[in-house]
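Here it is, the structure, as structure tokens.
Proteins get letters first, then strands, A, B, ... in listed order; numbering begins at 1 in each.
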Amino acid sequence: MINEELLVEKLLLKYRFTEPVPVEYRNHIAASKRNTLVSILKKNKNYSITLWAAIIVYMFLRKLGIAVSFLQAAVISGVTATVLAVTVTTCTVKIVSAVKERIDAETNSIVYEKEPAEILTMQSGGKSAVLMKFTGTHDAGHLSDSATMIFADTLKKEIGESNLSIGNADTDKKYIITGSVEKLPDGYLLTARVVDKSSSVIIHMDMKEISDENQLNAESGKMARKLARKLK
Amino acid sequence: MFRINKRNSKFIEVYNDYYSLIFGSVCIRINSVDDAEDIAQEVFTRFFNKMDEVENPRKWLLGTMRMVLFEFYKKKRDDVVDIDEVFTDVSLTFVNGMRDQRLIIKDILEDDSTFGNAQNRVIFDLVAIQKYTMEEAAKELGLSRDQIKYRYGIVNKNILISLKKKGITNLEELL
């Protein structure tokens with residue numbers, strides 16, 4: 001085979017059929033091939049972006065030694081472009097969705113932060129109160145404690161056990177109830193106040209002179225019920 | 001919308017196969033790459049407009065190349081170059097028996113049956129006539145080197161067979 005090739009080459013050379021193209025020309029020819037094609041197609045108003053893509057694919061595959069027709073290359077470039085477009089669109093949609101979800105999550109988290117405040121407001125609304133331990137003069141003895149207990153029992157019945165705290169002012173209750181039992185020369189003075197916690201204003205105050213412990217128990221109950229009705 | 005039609009497809013495939021051949025042929029005749037590029041572009045532009053009527057692209061392109069080259073010299077170089085010299089028939093430089101032998105070889109090279117198909121002919125033109133390496137020809141035509149080598153071998157074999165058919169059994173006589 002090689003001998004045959006050499007013989008033919010010698011024949012062509014001797015009878016001057018050869019037209020050797022210098023290497024630098026060959027390099028230029030290879031480099032200008034695509035640009036010249038584009039120029040021709042543009043000149044003939046036959047150039048489009050789809051054709052451009054198909055030409056690139058066609059020449060790329062041919063250079064790799066893959067024998068494809070131009071129509072096959074056009075189909076490949078079309079499919080590639082479609083896949084690329086779908087991929088880009090999908091990625092964009094996913095990114096937008098992810099961003100949207102994140103924004104929604106942030107919005108929701110703000111709502112969650114607000115909810116406890118609303119609950120707090122709700123809890124502090126209505127008939128809710130803190131009953132502070134009644135104070136009393138030294139000679140009033142245990143009567144202040146008795147009055148506190150009677151108030152506590154009565155208020156629990158009137159406004160509900162969950163709406164009443166005892167002894168701790170740092171709660172979310174709306175009102176603070178304070179009171180005292182003071183020794184008078186011939187009896188005792190029972191006093192009770194309802195203070196609005198948010199404004200520190202006394203919204204109701206009641207006092208009653210009592211003669212002994214039995215009357216204190218009775219009057220404490222009455223006063224507590226009256227006071228409960230004043231709570232809004 | 002899509003301009004990728006059969007016409008474009010045909011043109012681009014012909015262009016891909018023959019661009020190097022035409023450009024190279026022009027280059028060695030005028031020794032100017034820039035002018036050769038313009039001429040090759042003009043040849044293929046004309047082919048684009050006429051390709052529906054063309055049966056043999058190689059012959060048509062080489063013929064049009066000669067015509068465009070004549071126009072080129074007439075337009076730009078008629079004062080410095082004798083146009084006739086550009087396309088001097090090489091066979092005229094041979095005398096007596098050698099001229100006859102050359103004509104025999106020329107007949108064989110112009111016979112399409114020697115090559116089998118158009119692409120084998122382009123391979124032969126690039127490798128044997130224009131002295132492209134097989135790797136370069138493979139790149140230009142979108143084939144592997146082995147495919148080029150195989151097809152080139154077949155063409156050479158066919159040429160030798162044709163020479164024998166023409167009565168030339170001893171090649172040493174030609175050389």
Query - chain A contacts, top residue of B/Glu42, B/Lys139, B/Gln41 (heavy-atom pairs, under 4.5 Å) - result: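 Highest number of pairs under 4.5 Å: B/Gln41.
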Query raised in the report: Parallel, tilted or perpendicular: which describes the rings of B/Phe11 and B/Tyr15, with under 30° parallel and over 60° perpendicular?
Result: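 Judged by the thresholds at 30° and 60°, the geometry between B/Phe11 and B/Tyr15 is tilted.
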Query raised in the report: Of all of B/Ser144, B/Ala36, B/Cys27, B/Ala138, which one pairs up most often with chain A through heavy atoms under 4.5 Å apart?
Result: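 Answer, by heavy-atom pair count under 4.5 Å with chain A: B/Cys27.
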Query - Per-residue contact mode, B/Ile12 against chain A (heavy atom under 4.5 angstrom) - result: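 Both parts, heavy atoms under 4.5 Å.
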Report task. For each of A/Thr36, A/Thr18, A/Leu11, tally heavy-atom pairs with chain B at distances under 4.5 Å, and name the one with the top tally. Result ->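 Option with the greatest count: A/Thr36.
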Query raised in the report: Taking the six-membered ring of B/Tyr132, is the NZ or CZ of A/Arg26 close enough (under 6.0 Å from the centre) and on axis enough (within 45°)?
Result: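 Here A/Arg26 passes the 6.0 Å and 45° test against B/Tyr132.
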Requested in this report: Tell me, out of B/Leu141, B/Thr133, B/Leu163, B/Val155, who's got the most heavy-atom pairs with chain A below 4.5 Å.
Outcome: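 Most pairs with chain A among the choices: B/Leu141.
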Query raised in the report: Any side-chain donor-acceptor pair under 3.5 Å between B/Asn16 and A/Lys33?
Result: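 The answer is yes; a qualifying pair exists.
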Report task. Please state whether the side chain, the backbone, both or neither of A/Lys43 comes within less than 4.5 Å of a heavy atom of chain B. Result ->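 Just its side chain gets close to chain B.
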Report task. Measure distances from B/Phe47 to the heavy atoms of chain A and classify the residue's part below 4.5 Å as side chain, backbone, both or neither. Result ->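 Contact with chain A: none, neither part.
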Query raised in the report: Does a side chain donor of either A/Asp196 or A/Ser198 reach within less than 3.5 Å of an acceptor in the other side chain?
Result: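 A donor-acceptor contact under 3.5 Å links the two side chains.
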Query raised in the report: Which bit of A/Leu37 is near chain B, if near means a heavy-atom gap under 4.5 Å: side chain, backbone, both or neither?
Result: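 A/Leu37 touches chain B through backbone and side-chain heavy atoms alike.
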Requested in this report: Against chain B, label A/Leu13 side chain, backbone, both or neither, depending on which of its atoms sit under 4.5 Å from a heavy atom there.
Outcome: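 Neither the backbone nor the side chain of A/Leu13 comes within 4.5 Å of chain B.
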Query raised in the report: B/Gln119 versus chain A, heavy atoms under 4.5 Å apart: side chain, backbone, both or neither?
Result: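 The answer is the side chain of B/Gln119.
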Query - Smallest separation among heavy atoms of A/Ala30 and B/Glu140, with atom names - result: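 Closest approach of A/Ala30 to B/Glu140: CB-OE2, 3.4 Å.
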Requested in this report: Please determine if B/Arg7 forms a cation-pi arrangement with B/Phe48, meaning its NZ or CZ atom is less than 6.0 Å from the six-membered ring centre and no more than 45° off the ring axis.
Outcome: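 That pair qualifies as a cation-pi contact.
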Report task. Measure across A/Ile176 and A/Lys197 and return the closest heavy-atom pair with its distance rounded to 0.1 Å. Result ->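 Here A/Ile176 and A/Lys197 meet closest at CD1-CG, 4.0 Å.
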Query raised in the report: Contact part of B/Asn49 toward chain A, heavy-atom cut-off under 4.5 Å: side chain, backbone, both or neither?
Result: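 The side chain, not the backbone.
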Query raised in the report: Where the side chain of B/Arg102 meets the backbone of A/Tyr15, is there a donor-acceptor pair that is under 3.5 Å apart?
Result: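 Between the backbone of A/Tyr15 and the side chain of B/Arg102 there is a qualifying donor-acceptor contact (under 3.5 Å).
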Query - Contacting region of A/Leu61 [heavy-atom separation from chain B under 4.5 Å] - result: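 Contact with chain B: none, neither part.
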